[in-house]
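Below, chain A is the first sequence line, B the second, and so on; all start at residue 1. Just so it is clear, the model here is predicted, and its values are computed rather than measured.
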Number of protein chains: 2
Amino acid sequence: MKNSQLYKGSLNTIIMKLLEENGRMYGYEITQKVKLITKGELNITEGALYPALHKLEADGLLDVEVERVDNRLRKYYKLTKSGEKETVNRLAELEEFIKNMQTLVTPNINPDLQY
Amino acid sequence: MKNSQLYKGSLNTIIMKLLEENGRMYGYEITQKVKLITKGELNITEGALYPALHKLEADGLLDVEVERVDNRLRKYYKLTKSGEKETVNRLAELEEFIKNMQTLVTPNINPDLQY
DNA sequence: CAAATATACATAAATTTCTTATGCATAACA
DNA sequence: TGTTATGCATAAGAAATTTATGTATATTTG
């Protein structure tokens with residue numbers, strides 16, 4: 001990924017969310033889209049991306065279709081049924097995570113919570 | 001930590017923010033406070049916490065004061081000057097991270113961004 | 001009052017995730 | 001024609017965390 005350690009653990013969620021949104025994507029496309037969306041802040045390295053895609057596929061969350069475009073290989077990934085379900089869970093976890101981190105950073109965001 | 005992988009990489013930032021806020025805390029206190037704030041969602045394990053504290057101390061970001069309370073040992077940690085500066089950076093990174101993740105999850109949060 | 005739980009620290013082995021470094025191949029650009 | 005972009009892959013190493021222990025005292029509970 002990039003500088004701050006914070007992105008560790010979020011790669012799978014990012015991949016799955018993008019696939020949920022775009023139907024199908026190939027690896028290189030994912031790296032470029034993430035770079036665009038985060039205005040260059042997050043650069044997914046190939047060494048992280050490809051093993052992650054392979055693992056998601058092995059876990060039955062992604063399906064692959066290989067295509068040749070401009071005489072170059074592309075592996076299009078899309079969510080399986082199981083992957084779609086899991087994506088819902090992951091996104092819910094992500095929202096909880098973000099909420100919790102915001103609360104930790106600015107605890108008075110939730111004045112009801114006494115500690 | 002807990003279930004979702006997302007918290008990986010955020011432990012140091014959490015520790016430093018809590019210390020910035022509370023002046024000084026001991027390890028066990030940190031675990032309990034985090035549990036409270038996140039309503040039980042995030043449980044920092046000892047195997048993660050203590051090595052993290054030791055490393056932050058070794059890096060000169062934390063100072064320790066050992067005290068005996070109720071005949072039990074406590075190691076109070078607080079930010080050094082250097083640690084205070086670094087905390088500002090880490091929190092800025094965290095905010096950027098959260099923004100980016102929110103954008104990834106709900107890209108239309110920023111309609112100006114075309115891709 | 002004995003057993004279980006809470007408080008409080010610590011470390012070591014194994015696992016997971018990611019970085020860094022390569023490698024291969026084609027296309028486009030300068 | 002050399003560099004950059006596109007597109008995939010893997011392997012070695014680093015870093016953070018989990019899981020499993022270990023030690024010790026205090027408190028609660030049956």
Quiz item: When all nucleic acid strands are considered with a 4.0 Å heavy-atom cut-off, which category describes A:Gly27: base, sugar-phosphate, or nothing?
Solution: sugar-phosphate
Quiz prompt | d(CG, B:Leu11; C1', D:dT17) in whole Å | solution = 9 Å
Practice problem: Please step through side chain to side chain contact (heavy atoms under 4.5 Å, CB included) for the pair B:Glu20 and B:Leu91, ending with a clear verdict. | Solution: CA-CA 11 Å; B:Glu20 186 196 55; B:Leu91 289 176; 3.8 Å; yes
Quiz item: What's the CD1-C1' distance between B:Ile30 and C:dC9, to the nearest Å?
Solution: 13 Å
Quiz item: Using a heavy-atom distance cut-off of less than 4.0 Å, which residues of residues 55-70 of chain B contact DNA chain C?
Solution: none
Quiz prompt | Any donor-acceptor N/O pair, B:Lys78 side chain to B:Asp63 backbone, under 3.5 Å | solution = no
Quiz item: Should the pair B:Arg74-B:Glu29 be classified as a salt bridge under the 4.0 Å nitrogen-to-oxygen rule?
Solution: no
Practice problem: Mind listing the residues from residues 71-78 of chain B sitting with a heavy atom below 4.0 Å of DNA chain C? Number order is fine. | Solution: B:Arg72, B:Leu73, B:Arg74, B:Lys75
Self-check item: Axis bend over the full length of the helix from C:dC1-D:dG30 to C:dA30-D:dT1, computed from five pairs that close each end, to 10 degrees
Solution: 20°
Quiz item: Does the pair B:Val69 and B:Tyr26 meet the rule for a side chain to side chain contact (heavy atoms under 4.5 Å, CB included), with working shown?
Solution: CA-CA 12 Å; B:Val69 179; B:Tyr26 54 99; over 6 Å; no
Exercise. Flag the pair A:Glu86 and A:Arg90 as a salt bridge only when some basic side-chain nitrogen lies within less than 4.0 angstrom of an acidic carboxylate oxygen.
Key: yes
Practice problem: Round to the nearest Å and state the distance from A:Ile44 atom CD1 to D:dG7 atom C1'. | Solution: 15 Å
Quiz item: Should A:Val64 and A:Met16 be counted in the same cluster of Ile, Leu, Val, Met, Phe, Trp and Tyr side chains packed under 4.5 Å apart?
Solution: yes
Quiz item: Where each residue is assigned the nucleotide of DNA chain C containing its nearest heavy atom, which of A:Leu49 and A:Glu46 is assigned the position nearer the 5′ end?
Solution: A:Leu49
Self-check item: Any A:His54 side-chain N or O less than 4.0 Å from OP1/OP2 of D:dC8
Solution: no
Practice problem: Choose from C:dT7, D:dA16, D:dA5 the nucleotide whose nearest atom is closest to any side-chain atom of B:Tyr28. | Solution: C:dT7
Self-check item: Interatomic distance, A:Leu53 CG vs D:dA9 C1' [rounded to whole Å]
Solution: 12 Å
Quiz item: Given atom CG of B:Asn43 and atom P of C:dT7, what is their separation to the nearest angstrom?
Solution: 13 Å
Quiz item: Considering all heavy atoms of both residues, which atom of B:Thr38 and which atom of B:Leu42 are nearest to each other, and what is their separation?
Solution: OG1-N, 3.0 Å
Self-check item: Sole residue of A:Ile14, A:Thr31, A:Val34 in side chain to side chain contact (heavy atoms under 4.5 Å, CB included) with A:Leu49
Solution: A:Thr31
Quiz item: With the threshold set at 4.0 Å, does a side-chain nitrogen-carboxylate oxygen contact exist between A:Lys75 and A:Glu57?
Solution: no
Self-check item: Interatomic distance where CD belongs to B:Gln5 and C1' belongs to D:dA15 [whole Å]
Solution: 15 Å
Practice problem: Check each of B:Leu53, B:Leu61, B:Leu79, B:Ile44 against B:Ile15 using the side chain to side chain contact (heavy atoms under 4.5 Å, CB included) test, and report the only one that passes. | Solution: B:Leu53
Practice problem: For B:Met25 and C:dA8, give me the distance from atom CE to atom P, rounded to whole Å. | Solution: 12 Å
Quiz item: B:Glu29 has an atom CD; how far is it from atom P of C:dT7, in whole Å?
Solution: 12 Å
Quiz item: Should A:Tyr50 be listed as having a side-chain N or O under 4.0 Å from OP1 or OP2 of D:dA9?
Solution: no
Exercise. Check the pair B:Lys81, B:Lys85 against side chain to side chain contact (heavy atoms under 4.5 Å, CB included), reporting the backbone distance first and the verdict last.
Key: CA-CA 7 Å; B:Lys81 281 285 168 203; B:Lys85 281 183 199 168; 5.8 Å; no
Quiz item: Is the shortest side-chain N to carboxylate O distance from A:Lys99 to A:Glu95 below 4.0 Å?
Solution: no
Quiz item: Can you check whether B:Thr45 has a side-chain N or O nearer than 4.0 Å to OP1 or OP2 of D:dT17?
Solution: no
Quiz item: Just to confirm, is there a sub-4.0 Å distance from OP1 or OP2 of C:dA8 to any side-chain nitrogen or oxygen of B:Tyr26?
Solution: yes
